[in-house]
Amino acid sequence: MYSYFILHFVLFPGGGVAVGTLLLIEEDKYGLYSNLLFKYFLAEGIVCGHDLFVASAKEHPDKILKELPAPLLDDTYGKELGDEAAAKSEDSQDSMKIAWRYQNLPKMEASPTTYTKFGHYYDVSKKMSPELCQSVKWHSFYLHEELSFEPKLKAWSMNSGYARLLQSIQKIISQEGFDGSDPQKKQRNVLRIGIQSLGSILWGDGVCCSDNPEDPHSLTKFLYVLRGLLRKSLSACIITVPAHLIQNKAIMERVTNLSDMVVGLESFIGSERETNPLYKDYHGLVHVHQIPRLNSLICDVSDTKDLAFRLKRKLFTIETSLFAAFS
Amino acid sequence: MEGDKGGAGKKRWPSLAGNRLDKHLPGKVEAERILLAAVVSVSHEIFQHKEYPEGKFTLLRDTRTDGSFLVHHFLSFYLRAGCKVCFVALLQSFSHYSIVAQKLGVSLAAAKERGQLVFLEGLKSCLDLVFGEEEQPGQPSPLQFLSGSTSDLRALFEFVRVSLAPSAGDSWKGPVLLVDDLSVLLSLGAAPVAVLDFIHYCRVSVCCQLKGNIVVLVHSNEDSEDEENELLVNSLCHHSDLILWAEGLATGFCKDVHGQIKISKRLSLRQAGEQDLVQIYQYKIQDRNVTFFARGLSAAVL
């Protein structure tokens with residue numbers, strides 16, 4: 001088992017998650033890789049200077065943010081993508097280099113085709129420095145802390161945890177000017193929203209408990225309202241969902257239709273594929289269930305064959321062409 | 001009334017079957033135009049009595065692909081035809097439809113300005129309902145049912161009825177109701193019977209009373225376990241005059257096949273003893289051209 005690896009997610013069209021859209025990740029069985037992608041998205045946000053909003057019912061967002069991977073600044077990693085021998089210098093990067101490098105990043109323009117890019121490399125064996133973490137503005141939502149506050153919810157039927165979360169997101173978007181409503185606050189920055197394990201029992205939702213849950217609509221209503229908020233603001237959102245626990249497949253079909261991009265991670269841990277020689281270099285599969293259609297007449301007719309991901313010595317890659325023979 | 005026939009003229013249509021359109025297409029947009037022109041030509045072939053149908057209910061469905069290109073087509077088609085359009089847009093923002101309509105040569109903002117287009121942006125209405133101020137008593141939100149205070153879609157119907165009611169200064173041609181997409185209502189908690197009731201009331205008002213047309217998109221997944229949605233889709237199919245079904249074909253070795261459009265003209269609905277007409281057109285959207293293959297006409301009872 002590799003103890004460290006670099007994240008570089010090459011899957012998305014345009015190289016990232018488009019502003020105004022939602023990327024939904026169906027968690028792998030133990031949540032290992034989905035958690036990694038979740039942190040990657042947030043780490044990219046810090047490196048790009050975006051604001052963050054982190055929501056969880058499982059871990060306190062402070063803890064999540066302390067465990068983000070450290071960015072790699074040496075350009076050699078970029079040039080030698082895929083080359084196993086490239087992974088050499090892990091020398092500590094000094095903070096002066098960090099400051100110089102990120103000053104040169106272009107500021108995101110507010111346009112419908114803006115992407116929040118996955119453009120950098122990370123060493124997961126190292127934690128992001130606290131100075132870098134503190135360099136952006138971030139907001140957190142930890143459900144168990146929020147429950148103690150009296151909700152000011154309009155009377156409409158939805159799981160109260162979700163309703164509180166929506167209210168919190170809407171408040172930040174509005175107060176920080178991400179929706180362009182306040183002419184005083186000319187906000188040109190992007191808000192990256194990360195929501196962990198939505199749908200799990202910790203959010204008070206029963207969809208993971210039975211195939212006939214009492215309230216099958218809260219999750220989809222939540223996604224619809226969230227979609228409205230995302231579309232009218234400079235924000236991009238990643239949500240992980242423990243889809244393997246949701247027994248009612250109709251709900252997952254609806255969740256997929258309400259998301260812009262849906263990617264399912266399937267790890268080989270504990271499955272028969274782990275010992276299958278065909279898959280010996282890989283650690284899991286990526287299933288693409290939905291691709292974004294924003295602003296285009298028809299969506300991209302791209303290969304939706306099974307993609308695989310693997311940990312190489314220093315690289316976590318998603319590869320597209322290797323499994324053509326196996327499909 | 002001249003419909004939009006795009007690049008492929010109506011007379012040339014039969015000879016396109018099996019022929020490649022070897023034009024030098026600048027890109028995806030041109031391929032899309034050709035695909036849509038073909039769809040329009042075909043649907044005109046089916047309706048032989050009028051240039052465009054009156055009082056008809058058209059169902060758009062998609063499986064394994066995104067059928068919303070059909071919605072974009074009908075929106076720009078009816079606006080260009082001079083019809084008054086009420087568009088219940090539940091899934092995407094106004095700017096999304098606007099940007100695409102621009103590619104098809106129509107300005108939604110201008111259409112709204114001159115009163116030709118009434119646009120209900122579901123996402124925005126929902127936000128207004130959830131986060132907005134207390135609503136005025138005389139003006140319930142069209143998406144009232146979201147608040148749980150009522151389980152029917154009466155407010156949505158009222159919105160449609162009022163939008164398309166003819167008013168004194170109007171010189172628009174027949175009214176059109178366009179919905180994208182109906183399946184979303186189920187995700188928001190509406191029961192299938194409430195959605196079917198809504199459609200029924202709309203048909204009475206728009207198709208029968210106003211002699212207008214309705215075009216509705218529903219999604220359906222292959223081997224879907226969403227029973228409510230399947231019920232909705234099957235019910236709607238039974239009562240549709242025309243069904244345009246865009247199906248993505250399973251990806252195999254032939255990477256270029258995009259899908260097929262199955263066009264069903266429900267003649268049996270209106271005339272006893274008539275059989276329905278089903279045409280299937282497969283298409284390939286390659287880098288620079290679109291290839292159509294008509295799989296032949298067949299009278300089939302649905």
Side-chain angles (χ1 to χ4, degrees), chain A residues 20 112-113 153-158 163 166-167 169-171 173-174 179 211 215-233 247-258 260 289-305 324 327, chain B residues 28-29 31-33 35-36 65-69 72-73 90-96 98-100 103-104 121-132 134 146-149 181 183-184 186-190 219 221 224-230 248 251-253 255-259 285:
Chain A
T113 55
L153 304 164
K154 291 201 74 166
W156 66 307
S157 44
M158 182 196 266
L166 283 172
Q167 208 165 32
I169 293 174
Q170 191 267 345
K171 197 171 83 163
I173 286 178
S174 166
D179 57 0
D211 65 357
D215 178 11
H217 298 117
S218 272
L219 182 57
T220 43
K221 281 182 187 172
F222 171 88
L223 290 174
Y224 190 76
V225 178
L226 177 67
R227 189 182 180 106
L229 288 173
L230 294 175
R231 288 294 196 265
K232 69 162 213 177
S233 62
Q247 296 163 48
N248 186 326
K249 294 305 163 199
I251 293 180
M252 271 322 293
E253 287 175 36
R254 294 179 182 183
V255 163
T256 301
N257 288 335
L258 287 171
D260 295 293
H289 298 300
Q290 178 82 301
I291 54 181
R293 298 152 182 179
L294 208 59
N295 300 333
S296 69
L297 187 51
I298 56 175
C299 52
D300 280 312
V301 187
S302 49
D303 271 293
T304 52
K305 294 192 177 64
S327 61
Chain B
K28 203 174 74 170
V29 173
E32 292 162 351
R33 274 184 197 274
L35 174 60
L36 293 175
T65 189
D66 178 20
S68 57
F69 69 96
H72 293 296
H73 155 64
L90 295 173
L91 203 53
Q92 303 284 9
S93 63
F94 176 78
S95 72
H96 165 81
S98 194
I99 286 173
V100 178
K103 294 183 189 178
L104 297 175
E121 189 177 354
L123 291 170
K124 182 171 176 302
S125 280
C126 177
L127 289 182
D128 289 341
L129 180 69
V130 173
F131 298 113
E134 284 303 321
L146 281 178
S147 66
S149 58
D181 80 71
S183 305
V184 169
L186 297 178
S187 296
L188 295 176
H219 287 305
N221 290 338
S224 173
E225 293 194 28
D226 190 342
E227 288 174 1
E228 289 189 339
N229 194 55
E230 291 299 293
T251 51
F253 293 104
K255 279 194 288 187
D256 298 320
V257 177
H258 192 189
I285 298 185

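A note on names: the letters A, B, ... follow the listed sequences, proteins ahead of strands, and every chain is numbered from 1.
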*Which one, B:Asn221, B:Asp181, B:Asn229, leads in non-hydrogen pairs under 4.5 Å with chain A?*
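Ranked by heavy-atom pairs under 4.5 Å with chain A, first place is B:Asn221.
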
*asked:* Looking at every heavy atom in both B:His219 and A:Asn257, which two are closest together, and how far apart are they?
replied: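 Nearest heavy atoms, B:His219 then A:Asn257: CB-ND2, 4.5 Å.
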
So how far is it from [X] [atom1] to [Y] [atom2], rounded to the nearest 0.5 Å?
| X | Y | atom1 | atom2 | value |
| --- | --- | --- | --- | --- |
| A:Thr220 | B:Leu186 | OG1 | CG | 9.5 Å |
| A:Lys232 | B:Ser95 | NZ | OG | 13.5 Å |
| B:Asp226 | A:Ile251 | CG | CD1 | 9.5 Å |
| A:Leu230 | B:Ser93 | CG | OG | 11.5 Å |
| A:Leu229 | B:Phe131 | CG | CZ | 5.0 Å |

*May I ask you to decide whether B:Glu227 forms a salt bridge with A:Lys249, counting only side-chain N to carboxylate O separations under 4.0 Å?*
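So B:Glu227 does not pair with A:Lys249 through a salt bridge.
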
*Can you find a pair of side-chain heavy atoms, one from A:Leu258 and one from B:Ser187, that are under 4.5 Å apart?*
yes

*With side chains defined as the heavy atoms from C-beta onward, is the minimum distance between B:Leu127 and A:Val225 less than 4.5 Å?*
yes

*Just jot down the side-chain contact (heavy atoms from CB on, under 4.5 Å) partners of B:Ser98, sequence neighbours excluded, or say none.*
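Only B:Phe94, B:Leu108 meet the side-chain contact (heavy atoms from CB on, under 4.5 Å) criterion with B:Ser98.
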
_side-chain contact (heavy atoms from CB on, under 4.5 Å) partners of B:Leu123, counting only residues at least two apart_ = A:Tyr224, A:Arg227, A:Arg231

*Kindly say whether B:Glu225 contributes a backbone atom to a donor-acceptor pair with the side chain of A:Glu253 at under 3.5 angstrom?*
yes

